[in-house]
Amino acid sequence: MKLCDANGLTEHGRAWFCIHPADHTGSHVDDHGHPRHLPGEVLHDLKARWGRTHTFAFTGTLWMATHRDPRTHWRTEIEPSPELLEQRLRAHHGPPPGPIPTPRTASE
């Protein structure tokens with residue numbers, strides 16, 4: 001049986017690997033039974049909550065958030081996990097403002 005090739009880093013910066021078969025459906029689960037998400041899914045979720053004020057990047061080991069306003073305090077946050085990144089964003093900027101609104105068309 002071939003295992004799923006999904007992998008990433010935990011909130012403590014340790015590597016995790018999915019223990020499900022390669023053709024599984026649903027969430028990935030590590031060898032400790034914790035559900036795990038791939039970086040693309042996490043970036044999508046972060047953008048959905050914080051996209052109005054921040055841009056996001058994942059370097060492969062670090063998660064980064066940069067405030068869109070260059071004059072703001074705490075412009076850049078860099079953390080080893082998305083959970084820590086979001087904790088820092090909440091501590092420095094309050095609750096998430098939500099996604100970037102979709103542009104209106106001329107007919108609206």
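Computed from a predicted model, the values in this text were never measured in an experiment.
Proximity of a side-chain donor or acceptor of Ser81 to a complementary backbone N or O of Leu84 within less than 3.5 Å is detected. A distance-only check finds a donor-acceptor pair linking the side chain of Arg68 to the backbone of Gly51 [under 3.5 Å]. Panel note: side chain His67, backbone Asp69; a donor-acceptor pair is recorded below 3.5 Å. Remark: side-chain polar atoms of His28 are not paired, donor with acceptor, to backbone N or O of Cys4 under 3.5 angstrom.
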Open item on the list: Go through it in stages, so that I can follow the logic: the residues are Lys47 and Phe56, the test is side-chain contact (heavy atoms from CB on, under 4.5 Å), and I'd like the CA-CA distance, side-chain angles, deciding distance and then a yes or no.
Closed with: CA-CA 7 Å; Lys47 288 176 185 177; Phe56 294 90; 4.1 Å; yes
TODO: Show the numbers, then the answer: is there a side-chain contact (heavy atoms from CB on, under 4.5 Å) between Leu43 and Trp63?
DONE: CA-CA 9 Å; Leu43 284 170; Trp63 294 84; 3.8 Å; yes
TODO: Verify side-chain contact (heavy atoms from CB on, under 4.5 Å) between Leu89 and Thr53, making sure each step is shown before the conclusion.
DONE: CA-CA 11 Å; Leu89 289 172; Thr53 57; over 6 Å; no
TODO: Evaluate the side-chain contact (heavy atoms from CB on, under 4.5 Å) criterion for residues Cys18 and His24: first the C-alpha distance (whole Å), next the side-chain angles of each, then the deciding distance (0.1 Å), finally the verdict.
DONE: CA-CA 10 Å; Cys18 183; His24 76 91; 3.6 Å; yes
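For the pair Pro96/Arg90, a side-chain contact is recorded, criterion being any heavy-atom separation below 4.5 Å from C-beta on. Here the side chains of Thr59 and Met64 are in contact, with some heavy-atom distance below 4.5 Å. Within the 4.5 Å cutoff, the side chain of His93 has heavy atoms near those of the His54 side chain.
The NE2 atom of His92 lies 11.0 Å from the OG1 atom of Thr72; values are rounded to the nearest 0.5 Å. A distance of 6.0 Å separates CG in Leu85 from CG in Leu46, rounded to the nearest 0.5 Å. Rounded to the nearest 0.5 Å, atoms CD1 (Ile19) and CG (Leu3) are 8.5 Å apart.
Annotation: Arg49, atom CZ; neighbour count of heavy atoms from other residues, nucleotides and ligands within 6.0 Å is above 12. Heavy-atom neighbours of His73 NE2 from other residues, nucleotides or ligands within 6.0 Å: above the threshold of 12. Around the NE2 atom of His44, the shell of radius 6.0 Å holds no more than 12 heavy atoms that belong to other residues, nucleotides or ligands.
Remark: the Glu86 side chain and the Trp50 side chain contain an N/O donor-acceptor pair separated by less than 3.5 Å.
Contact record, Trp16 with Ala6: CZ3-O, 3.8 Å, taken as the closest heavy-atom pair.
Criterion: ILVMFWY side-chain heavy atoms under 4.5 Å apart, direct or through other members. Under it, Leu38 and Val42 are not part of a common hydrophobic cluster.
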